[in-house]
Every structure is written in structure tokens, then in C-alpha cells.
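So the structure is just underneath, and the comments pick up after that.
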2 protein chains.
Amino acid sequence: MLTKGGSLSLLPGFAEVDLAGPQLNGFQRESIALFINAASALSLPKSIGEIYGLLFSTPEPLSLDDIVERLRISKGSASEGLRWLKSLGAVNSVYVPGVRREHFTAETSLRKLASGYLRDRIDPHLDNGQERLRALEGSIDGENPDKHFQQSRLGQVRGWYQFISKVLPIVKTLAGKF
Amino acid sequence: MLTKGGSLSLLPGFAEVDLAGPQLNGFQRESIALFINAASALSLPKSIGEIYGLLFSTPEPLSLDDIVERLRISKGSASEGLRWLKSLGAVNSVYVPGVRREHFTAETSLRKLASGYLRDRIDPHLDNGQERLRALEGSIDGENPDKHFQQSRLGQVRGWYQFISKVLPIVKTLAGKF
DNA sequence: AAGTCTGTTCAAGAAAAAATGAACAGTCTG
DNA sequence: CAGACTGTTCATTTTTTCTTGAACAGACTT
């Protein structure tokens with residue numbers, strides 16, 4: 001009978017040992033720790049950092065079940081996390097001949113990672129912000145004694161948006177050079 | 001008897017109306033909405049966006065109790081939020097002659113806001129990351145067949161940190177120009 | 001020094017976010 | 001087409017984060 005970890009329960013004395021499934025090597029453990037830290041810096045779920053860290057530190061493409069096994073996280077989390085990483089472009093799907101299940105590797109191009117992150121996580125908020133900026137403008141009442149104060153504030157926020165729309169392209173360009 | 005909102009319950013028919021305390025004007029409401037959105041973009045608590053938004057949209061300096069009243073949040077939240085904003089440098093303490101309680105206005109200099117944010121929220125993660133980078137380096141085992149793969153990955157992460165340490169100063173500099 | 005007035009702290013509760021795992025829907029295979 | 005294999009979805013549970021409010025500590029006032 002085959003255990004979940006993929007090992008055979010043949011050696012009564014040692015069976016439990018391997019129930020833990022494949023071991024991670026030191027490099028993998030450190031990579032995962034590093035990307036968990038990065039995930040927390042970006043306020044992303046830990047599981048996303050774990051998955052990316054594992055793929056990043058493993059030469060071979062891994063399947064969803066490989067990830068579940070080695071990280072001991074649920075299939076649901078792994079699936080969600082992979083979906084997120086895929087949509088960002090942080091993960092590449094690799095075809096392994098003769099194998100049905102999809103396999104993944106980490107995308108390591110900084111340009112792709114950065115632009116995917118900006119596109120998925122930042123741009124939506126900026127779009128939303130533009131709408132609110134218009135609403136803010138509309139809320140300034142011509143009769144209000146604070147009118148001038150409010151117009152000055154509005155101008156300030158506008159400047160901030162300009163700043164962002166100036167900085168982001170620079171970041172993307174620079175990212176391409178690393 | 002004085003109600004919490006600071007209004008007197010003298011007009012039986014209208015008493016409830018004013019229990020709500022000071023009204024926010026349209027500009028304030030829109031500003032608060034805008035900064036709640038910004039807070040969510042930065043994964044910060046809503047209350048921080050509310051407090052900053054209120055200060056940003058109000059010409060007069062406000063005290064902690066003013067904020068509690070107008071935003072209808074607890075004193076604890078307001079105190080926590082102000083502490084956070086103060087440490088970031090997003091809020092200025094203003095001395096109002098003859099009044100004991102501390103009053104606050106919003107700091108609107110993009111340079112100060114950006115550098116405060118980077119200092120408080122990003123730098124600690126970067127420092128942590130540097131440590132983990134060293135641990136990652138130490139985890140590469142000379143006997144491991146993956147040694148070259150691992151060294152290449154290590155080089156990649158190093159490049160990312162270089163990127164960040166190149167980009168952040170640019171961001172700060174540009175922020176000074178807006 | 002007793003009494004106010006201010007603001008902070010922190011335990012407890014509420015809300016939000018993330019992880020789990022079982023059911024499900026496709027897809028391939030024989 | 002029945003059965004195995006893959007991956008997704010989503011209701012539930014768990015964990016984390018935020019908020020509340022009451023107790024507290026310090027500072028000013030008289």
C-alpha cells in the first residue's frame with residue numbers, strides 16, 4: 001500500500017519517518033523563508049510566498065500535488081496560490097512529455113514580476129483613485145468659505161497621482177535592466 | 001445635561017438629530033473615501049485612512065477627541081492610528097495657544113510622506129531580507145549536485161536587492177519634486 | 001494633594017482574511 | 001462509457017488583524 005508521501009510502508013520500524021514526505025533541502029527552506037518575508041512585506045498571504053519560494057529553489061518543474069506534499073498545505077490553498085501567481089505571471093507552466101498533470105517553474109525575470117505585480121495589485125487601486133479624485137473635485141462647493149483650501153488640497157492630490165504615473169514607468173524600465 | 005456629541009438636548013423634537021455630532025461636509029467625506037481607498041491599496045487599516053483623510057480635508061487642526069467625535073471611532077483606534085501616522089511623519093502636532101490638548105494637521109509633503117512610509121514599512125523588511133540573503137548563501141552545500149542552480153538563484157535575488165536599492169532613492173528624489 | 005483633563009494601553013470582542021478539505025467538474029484512458 | 005486522474009470551487013474552520021472601551025498613568029490646576 002502506498003502512502004501519501006509516495007513511500008512504501010515496508011519497514012515497520014521506520015514507516016512513520018517517511019510519512020512526512022519529501023524533505024526540503026536547506027536551500028529550499030531558506031528560500032521559502034525569504035519569500036515568506038517578501039510576501040509579508042507586500043501584505044500577501046504566506047502561502048503565496050511559500051509556493052513561490054519552493055518553485056524558485058527547485059530546479060525541476062513541480063506539479064500542484066508536489067507542492068501540496070512538500071509544503072504540507074491544502075490542495076485548495078495551493079490551487080488558489082498558483083492561480084494568483086499565474087495571473088501575475090510569476091509562474092510558468094511547463095509541459096512535461098508523457099505526463100498529464102501541469103508542472104510549474106518560477107518566473108524570475110524582474111521585469112515580468114514587477115509589471116505583473118503593478119498590473120494586478122496597483123493599477124486597479126489607481127483606477128479607483130481616479131474616480132474618487134473626480135468625486136472629490138465635484139464635492140467642492142462654490143459657496144463654501146473653505147473653497148480655496150479645498151482647491152489647494154485637490155491640487156495636491158492631483159500632484160500625487162502625477163508623481164505615481166511618472167514613477168511607475170521608471171520602475172518598470174529599471175526592472176528590465178536587472 | 002450634555003450629550004457626547006457636544007450638543008444640548010434641549011429641543012425635544014430635534015434632539016436625536018444632533019446626537020450624531022458634527023457633520024462632515026462633502027469634501028471631507030470624499031477625502032475620507034479617497035484615503036480609505038489608498039489605505040487599502042497599501043494594506044493599511046481603514047481607520048488610518050479615515051483619520052488622515054479627515055485631517056487632510058479640514059483646515060483647522062483637530063484634537064484626538066475631535067477625531068473620535070467626527071469619525072465615530074473609538075478613542076483607542078484614534079490614538080493608535082495617530083501614533084502610527086505620527087511615527088510615519090504624516091501628521092503634524094500643532095500648538096494651539098491656551099488649549100492643553102494636542103492638535104493635529106495633515107502633513108502633505110509627498111517627500112515626507114514617501115520617505116516616512118519607506119522608512120517605517122519597507123526598510124525593516126529589507127533589513128530582514130538582507131539577513132535571509134546571507135542565510136540563503138550559507139545554505140548552499142558544496143557537495144550538492146544542484147550547487148550551480150542554487151548559486152544562480154542566489155545571484156538573481158542579489159540582483160533584485162540591488163534593483164530595490166537603486167530604485168528607492170530615485171523614488172525619494174522624485175517625491176521631493178512634487 | 002485632590003480633582004480634572006489628556007492620552008495610552010491592553011484585554012476582550014468583532015471583523016476580515018486565509019487555509020482547509022470535501023464535493024464537484026472536466027479530461028483523459030482503456 | 002466507466003473509471004481514474006487533475007484541478008477548481010466554496011462552505012466551513014482557523015488564524016490574524018482591527019476595533020472597542022474601560023482602566024490607567026501622567027500632567028496640569030486650584
Side-chain angles (χ1 to χ4, degrees), chain A residues 1-2 4 6 21 32 35-55 61-87 91-104 120-121 125, chain B residues 2 4-6 21 32 35-55 61-87 91-104 121:
Chain A
M1 185 209 189
L2 215 49
K4 265 252 176 110
I32 291 169
F35 285 104
I36 286 177
N37 175 56
S40 114
L42 301 171
S43 303
L44 300 175
K46 190 178 144 196
S47 63
I48 300 236
E50 290 180 294
I51 296 172
Y52 186 83
L54 175 61
L55 292 174
L62 298 179
S63 71
L64 186 141
D65 280 359
D66 291 336
I67 293 170
V68 166
E69 256 176 35
R70 299 181 195 204
L71 254 27
R72 296 181 207 303
I73 61 179
S74 69
K75 234 177 154 194
S77 274
S79 176
E80 278 292 326
L82 273 174
R83 176 232 296 272
W84 194 92
L85 288 166
K86 273 189 251 180
S87 104
V91 138
N92 295 124
S93 187
V94 173
Y95 172 69
V96 179
V99 178
R100 176 127 72 99
R101 46 176 51 176
E102 203 176 1
H103 283 66
F104 303 95
D120 283 15
R121 294 263 304 177
H125 285 288
Chain B
L2 214 47
K4 263 254 178 106
I32 290 167
F35 285 104
I36 286 177
N37 175 55
S40 116
L42 301 171
S43 303
L44 300 175
K46 192 177 142 196
S47 62
I48 301 236
E50 291 179 294
I51 295 171
Y52 186 82
L54 174 61
L55 292 175
L62 299 178
S63 70
L64 187 141
D65 281 358
D66 291 335
I67 293 171
V68 166
E69 254 177 38
R70 299 183 194 204
L71 254 25
R72 301 187 200 297
I73 60 180
S74 68
K75 233 177 157 195
S77 274
S79 175
E80 278 292 326
L82 273 175
R83 175 232 296 272
W84 194 92
L85 288 167
K86 272 189 251 178
S87 103
V91 137
N92 295 125
S93 187
V94 173
Y95 172 69
V96 179
V99 177
R100 176 125 72 96
R101 46 177 49 179
E102 203 176 0
H103 282 67
F104 303 96
R121 293 264 305 179

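Lettering of chains follows the sequences in order, A, B, ..., and the numbering in each one begins at 1.
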Could you tell me which residues satisfy side chain to side chain contact (heavy atoms under 4.5 Å, CB included) with Lys86(A), sequence neighbours excluded, listed by chain and number?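 Lys86(A) satisfies side chain to side chain contact (heavy atoms under 4.5 Å, CB included) with Leu82(A), Val91(A), Glu102(A), Phe104(A) only.
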Just the rounded figure in Å: distance from [atom2] of [N] to [atom1] of [X].
X: Glu102(A); N: dC5(D); atom1: CD; atom2: P; value: 19 Å
X: Leu42(A); N: dA17(C); atom1: CG; atom2: P; value: 17 Å
X: Ile36(B); N: dA15(C); atom1: CD1; atom2: P; value: 16 Å
X: Leu64(B); N: dT9(C); atom1: CG; atom2: C1'; value: 13 Å
X: Asp65(A); N: dC5(D); atom1: CG; atom2: P; value: 11 Å
X: Leu71(A); N: dG21(C); atom1: CG; atom2: P; value: 14 Å
X: Ile67(A); N: dG7(D); atom1: CD1; atom2: P; value: 10 Å
X: Ile51(A); N: dA18(C); atom1: CD1; atom2: C1'; value: 12 Å

Distance below 4.0 Å between Ser79(A) side-chain N/O and dT8(D) OP1 or OP2: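 For dT8(D), OP1/OP2 do have a side-chain N/O of Ser79(A) under 4.0 Å.
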May I ask you to verify if any side-chain N or O of Arg83(B) is less than 4.0 angstrom from the OP1 or OP2 atom of dT9(C)?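 Yes, such a contact exists.
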Atom [atom1] in [X], atom [atom2] in [Y]: separation rounded to 0.5 Å?
X: Asn92(A); Y: Leu55(A); atom1: CG; atom2: CG; result: 10.0 Å
X: Lys75(B); Y: Ile67(B); atom1: NZ; atom2: CD1; result: 12.5 Å
X: Lys46(B); Y: Ile32(B); atom1: NZ; atom2: CD1; result: 10.5 Å

For Ser43(A) versus Arg121(A), what's the shortest heavy-atom pair and its separation?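 Shortest heavy-atom contact: O-NH2, 3.9 Å.
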Nearest atoms (heavy-atom pairs only) where Ile73(A) meets Glu50(A):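 Between these two residues, the closest heavy atoms are CG2-OE1, 3.9 Å.
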With sugar-phosphate taken as primed atoms, P, OP1 and OP2 and all else as base, the protein-contact string of nucleotides 11-30 of chain D at under 4.0 Å (heavy atoms; B, S, -) is -------SSBB------S--
